[in-house]
K.L.:
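This structure is in structure tokens; I'll ask about it shortly.
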Amino acid sequence: MVPFVAPLVVPKLPTLPGKLSLQDRLKINQQVANEDLEKVAKLQSPTTSAVSPGTPTMHQNHPPERTSKTSASAPEASSGSYNGSFVPIASLQQGPFRWDDPSATPVEILMKYSLHKGYSRPEYGYFKLKSGRYQCLVTVNGSSYSTYPDDFVNQFEGQFAAALNAIEAIQRDESRQKYSKCLDSDRDIAHHIYELVLSCPHGMFSKNIPSAFEETHRALLPDHWFAIIDQHSNQLFVLEDGPTGDTIVFAREQPSSSDAGSNTSEARQMAMNQLTLPWEEQYWNLYVTNPVSTVEVWARLVGKEYSDKMDSLITDIEMSMMSEQANAKKDVTAAVGEYYLVSISDCWFRVRVVEINYETNQCQCFFIDIGDNEQIALDQLYRCEPAYLDLPAQAICFTLEGLEDFGENPTAKHILGQRINHRVLIGMILSKRDEYEQTERRDGIGSSSLKVVLYDTSSAEDEVVNPILLQQICKSMPVPELNRKSVNYVSITYVDDQGDVYCQQDGAMNYIQKLITNLTQSDALEDQHRGLYNSKATEQQLYLVQDETDGKWYRAVLEAEESGPFCRMLYVDIGCRKRANVQNIYRLDSLSLGLRSYPPQAIRMRMFELPSCAEPQVLARLRAFLKPAVPAMAKVFSMANAILPLVKLYVHVSDREAGNNILVCVNEAIKIEKELELGSERISLSPRVALVDDDRSLSLNCSGSDTTNVSQSTGTSYSMSSTDGKELASRFDALHVGKDTKAPGGGSPLPSGTKAIAKLAKITLPPVGQVFNVKVTIANNPKFFYVQPYAYLEQLDTLMLELQDFCMTKAQPVRKEQVRQGEAYAAVNNLGHWYRALVVNINPFGPTPIHAYFCDFGQVQQLDAGALRVLPAEFRVLPQQAIKAKLYGVKPLHNDWTISDAMRFKELTADCNFASIVRNIQPDELNPQEQVMELELIDVSTETDVFVHKILVGEGRAVYTAAAHTV
């Protein structure tokens with residue numbers, strides 16, 4: 001339904017003493033045929049009075065304002081309507097956009113979504129199959145969503161289904177891109193999920209865990225999240241099959257563990273027994289025991305007070321266990337926080353129990369003299385005598401100076417193991433004693449690490465180990481490429497305008513994203529790092545850029561400098577190019593070695609056996625399938641120019657019949673769709689329904705008498721065939737986009753089936769010299785445009801509202817043989833809106849044989865008989881509103897108006913309200929039976945009246961006629 005919008009009241013403008021302003025003259029000289037107004041007044045229906053008393057009516061009896069837009073829009077799109085929709089932009093922008101709009105259908109929600117995002121109107125295409133059924137495709141912001149392989153009995157159901165498919169896909173994509181994946185370890189993620197499930201004593205359906213995790217942690221679970229749950233089911237979770245086939249996850253009850261107060265005195269003493277470090281020396285002798293990463297290197301001190309005492313202790317333990325091993329194992333009860341002995345490969349180690357899993361009879365142990373964690377069977381624990389705990393834990397944690405950014409580099413551990421593990425090195429300690437001991441006191445013993453630079457003195461020349469490690473780690477980071485022999489698991493990042501697809505290997509960005517997160521959350525991004533590099537290096541230099549669209553940070557290289565403070569940047573991990581402000585660009589060389597050194601992660605691919613990817617239709621479908629962050633599988637079938645992989649991409653799509661996801665080859669799916677389209681008849685590329693307001697609902701009439709409402713809960717009255725309609729209705733309700741339970745709004749009380757009994761009269765034109773308030777509906781050029789009388793706009797709005805309801809619920813179709821030239825009908829245009837129309841010509845041999853003139857707006861379109869409905873007498877009272885006009889007082893500078901002149905005239909006048917003075921009425925040159933009004937258009941919306949014909953003369957587009965100088 002078309003909502004009413006009240007135009008702003010234009011204040012009365014000052015004028016010369018003793019003279020009336022033009023706006024005053026307009027009030028006096030309103031030229032309206034009284035007999036026409038009396039007839040229109042009888043048409044007031046109960047649906048019109050449904051507007052609340054506080055709602056302002058649309059057209060008051062005051063002069064028009066140029067910027068006011070009326071809801072009865074012309075068939076063509078104009079600046080006052082949303083691409084041809086009846087709803088004015090002002091009314092659409094009231095309140096925030098909601099996916100769960102209770103009074104909107106999927107088609108309307110999609111339209112509102114596009115307006116909310118600033119996209120162009122969704123475009124619908126209909127394909128009539130050989131079976132007579134229809135498939136539909138809708139394009140939103142360059143991505144096309146199809147109903148394939150489903151087909152429907154008519155276009156309306158296909159449109160409904162296509163919009164629903166688009167909504168489901170867009171919601172998935174926006175959810176996927178709203179947050180980044182959680183980069184915590186699997187163990188940490190398991191504990192996060194455990195905390196969520198612990199708050200639900202009756203368990204949680206596994207399908208609800210991702211959304212609960214997203215809401216709580218503002219991050220997405222990794223793709224293998226259920227495998228994490230399954231892996232930790234013995235320790236943290238209990239899994240049960242639910243009644244609907246979904247798994248119910250319960251939090252496993254945890255056994256009570258010993259706290260510090262219940263530990264033995266030996267354990268409490270050991271916890272306080274801190275190793276005395278040689279702070280008086282800057283260089284320490286270190287034996288590396290466990291290099292976990294560049295920020296966690298465990299080592300022991302070498303010397304009389306450290307390694308010598310450790311060797312003596314291990315010898316004493318070994319000698320004791322040769323005779324007392326059996327007794328040391330008796331009556332051993334594991335407890336968290338206690339210290340024990342374990343034997344691995346005939347070597348004895350001191351350990352501290354960190355966690356116990358009684359289901360598997362294993363415990364997590366920390367080796368206090370090595371710095372390692374291992375799973376140990378409970379029956380492999382031996383009693384540790386108090387005498388063996390006098391020596392403090394010997395393992396000390398170090399961080400390699402200059403390699404902090406590589407702490408989670410996947411290749412660093414292997415290099416560290418080869419280069420420094422189980423070796424004696426010299427360490428230059430950079431950490432200060434006060435800061436280290438303060439952290440130890442605050443966070444506990446062993447919570448801090450020491451910054452160190454390692455030296456290797458085993459050869460003739462001493463080597464500084466840290467830069468050697470840095471160089472080896474950087475060289476070991478491979479440039480990503482697809483495996484040609486097996487399936488590659490990837491994440492889609494971008495589809496360019498040529499149809500090439502960019503992706504990242506699964507998990508490849510975890511390390512980079514952590515570095516970016518750590519960097520941006522610190523105070524490192526200071527002004528001295530902002531801006532471009534001064535020197536032009538031979539190699540591309542990396543930057544860190546904050547995108548202005550989503551606020552996220554990306555690595556990029558400079559492609560070109562543009563005017564002002566802007567640059568065009570290539571996002572090396574995504575593949576796309578974007579414009580960025582220099583204020584949002586930071587040089588990585590001095591910020592992060594890790595981010596600077598890691599290779600670009602975007603992999604470019606081309607679709608195998610799909611050569612037409614650059615075609616707009618194929619590109620739109622490709623972008624719908626391959627949205628950013630969509631997980632996919634890529635199989636390389638060939639190589640283009642030996643460097644560009646030609647691939648087939650496989651993605652999971654929802655199979656509603658099976659209730660799960662199925663794997664689909666994107667290449668084959670698009671090829672099949674193209675083949676079906678080639679064998680089908682393309683019907684239209686425009687929407688079939690207009691937007692509606694919250695008070696009145698818009699219905700669609702479909703073929704077939706057996707109909708069902710889409711949803712009683714949505715407040716809509718879409719009417720569709722019962723076979724497919726129920727399924728679409730259930731899908732729509734499942735989205736929770738309709739929550740209001742009010743019944744659909746009532747329709748027009750006008751009787752249906754009334755035969756046309758009266759001609760549609762032409763409007764009475766005002767006499768020459770009178771002031772005539774108008775709205776310009778179609779502006780071709782100054783010599784030819786259409787206007788509507790401003791005084792009738794409110795009545796026309798009412799008629800249009802009632803006509804939509806009537807044609808979609810009660811109107812009688814017109815058979816082809818019943819169509820008569822010159823007769824008036826209700827006709828649907830290519831935007832799906834119903835108008836009063838006159839049949840001006842019939843060509844029996846064309847595919848659209850009927851030429852219909854929309855007599856209230858001035859447009860002509862070619863239609864078939866299926867687009868016509870019988871127009872009852874009640875809709876024939878208001879006379880035809882479109883009036884042919886030409887601009888008074890000017891003629892083109894040359895022989896005819898140029899395209900530039902026409903565009904300028906349209907910019908000045910289309911869909912705008914004017915005061916005008918009727919200067920002449922004359923026969924139309926092309927059709928002498930029709931009359932053309934020569935109007936002097938005057939914009940009275942500002943303090944100074946603006947004459948359109950004077951603007952054209954002032955811009956050098958026109959010259960005055962002789963008659964204009966005499967007025």
K.L.:
Cation-pi check for F637 against K648: NZ or CZ below 6.0 Å from the six-membered ring centre and within 45 degrees of the axis, yes or no?
P.N.:
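Here K648 passes the 6.0 Å and 45° test against F637.
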K.L.:
Once you measure the plane-to-plane angle for H192 and F213, does it fall in the parallel (<30°), tilted (30-60°) or perpendicular (>60°) bin?
P.N.:
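Tilted.
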K.L.:
Test of understanding: with salt bridge (Lys or Arg N to Asp or Glu O under 4.0 Å), list the residues that count as partners of R419, not counting sequence neighbours.
P.N.:
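Counting only residues at least two positions away or on another chain, R419 forms a salt bridge (Lys or Arg N to Asp or Glu O under 4.0 Å) with D456, E463.
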K.L.:
Could you tell me whether E481 atom CD has more than 12 heavy atoms of other residues or ligands within 6.0 Å of it?
P.N.:
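For E481, atom CD is not crowded (no more than 12 foreign heavy atoms under 6.0 Å).
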K.L.:
Salt bridge (charged side-chain N to carboxylate O under 4.0 Å, His left out): which pairs involve residues 492-515, sequence neighbours left out?
P.N.:
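Passing the test, one end in residues 492-515: E408-K514, D497-R623, D500-R604, D500-R606.
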K.L.:
Hey, could you give me each pair passing side-chain hydrogen bond (donor to acceptor under 3.5 Å, both in side chains) that has a residue in residues 277-291? Not counting sequence neighbours.
P.N.:
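Those involving residues 277-291 do not exist here.
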K.L.:
What residue among L470, I426, I420 forms side chain to side chain contact (heavy atoms under 4.5 Å, CB included) with V465?
P.N.:
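Going through L470, I426, I420 one by one, the side chain to side chain contact (heavy atoms under 4.5 Å, CB included) with V465 is satisfied by I420 alone.
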K.L.:
Would S211 and N208 count as having a side-chain donor-acceptor pair, cut-off 3.5 Å?
P.N.:
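S211 vs N208: no donor-acceptor pair found between side chains.
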K.L.:
Quick one: ring pair (Phe, Tyr, Trp, His ring centres under 6.0 Å) pairs with a partner in residues 566-606, sequence neighbours left out?
P.N.:
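Every ring pair (Phe, Tyr, Trp, His ring centres under 6.0 Å) pair that includes a residue of residues 566-606, provided the two are not neighbours, is Y511-Y598, W553-Y586, Y554-Y571.
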K.L.:
Any donor and acceptor pair, going by atom type alone, linking the side chain of N466 with main-chain N or O of L454 inside 3.5 Å?
P.N.:
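At least one qualifying donor-acceptor pair exists.
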K.L.:
Salt bridge check, D369 against R300: does any charged N sit closer than 4.0 Å to a carboxylate O?
P.N.:
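Judged by the 4.0 Å cut-off on N to carboxylate O distance, R300 and D369 do not form a salt bridge.
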K.L.:
Looking at F366 versus W298, is the centre-to-centre ring distance below 6.0 Å?
P.N.:
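Yes - the distance between ring centres of F366 and W298 falls below the 6.0 Å cut-off.
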K.L.:
When you check the gap from the basic side-chain N to the acidic O, do K451 and E404 get nearer than 4.0 Å?
P.N.:
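Looking at K451 and E404, the cut-off is met.
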K.L.:
Tell me whether E562 is salt-bridged to R568, with the criterion being a basic N under 4.0 Å from an acidic carboxylate O.
P.N.:
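So E562 pairs with R568 through a salt bridge.
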K.L.:
Under 6.0 Å from the OH atom of Y489, do we count more than 12 heavy atoms belonging to anything else shown?
P.N.:
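Result for OH/Y489: open.
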K.L.:
Is there a donor-acceptor contact under 3.5 Å from the side chain of S597 to the main chain of G594?
P.N.:
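Between the backbone of G594 and the side chain of S597 there is no qualifying donor-acceptor contact (under 3.5 Å).
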K.L.:
Can you list every ring pair (Phe, Tyr, Trp, His ring centres under 6.0 Å) pair that touches residues 409-433, not counting sequence neighbours?
P.N.:
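Sorted result for residues 409-433: empty, none.
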K.L.:
Can R218 and E214 be counted as an ion pair, charged N to O under 4.0 angstrom?
P.N.:
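E214 and R218: not salt-bridged.
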K.L.:
Using the test side-chain contact (heavy atoms from CB on, under 4.5 Å), find all partners of T411 that sit at least two apart in sequence or belong to another chain.
P.N.:
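In terms of side-chain contact (heavy atoms from CB on, under 4.5 Å), with neighbours along the sequence ignored, T411 is linked to N409, I473, S476, M477.
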K.L.:
So, does N488 use its side chain to make a donor-acceptor pair with the main chain of L482 at under 3.5 Å?
P.N.:
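Pair absent, no side-chain N/O of N488 close to backbone of L482.
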K.L.:
Hey, could you give me the CD1/NE2 distance between I193 and H217, rounded to the nearest 0.5 Å?
P.N.:
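I193 CD1 to H217 NE2: 8.5 Å, rounded to 0.5 Å.
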K.L.:
State whether the number of non-hydrogen atoms from other residues, nucleotides or ligands found under 6.0 Å of K432 atom NZ is greater than 12.
P.N.:
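Not buried by this count: 12 neighbours or fewer within 6.0 Å.
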K.L.:
Run through R187, E355, E374, Q375 and flag the one making a side-chain hydrogen bond (donor to acceptor under 3.5 Å, both in side chains) with Q364.
P.N.:
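One option only clears the test, and that one is Q375.
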K.L.:
With rounding to the nearest 0.5 angstrom, report the OG to OH distance, S431 to Y436.
P.N.:
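Going from OG on S431 over to OH on Y436, the span is 9.0 Å.
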K.L.:
Would you say the side chains of S592 and D405 form a donor-acceptor pair under 3.5 Å?
P.N.:
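There is such a pair (donor and acceptor under 3.5 Å, judged by atom type) between the side chains of S592 and D405.
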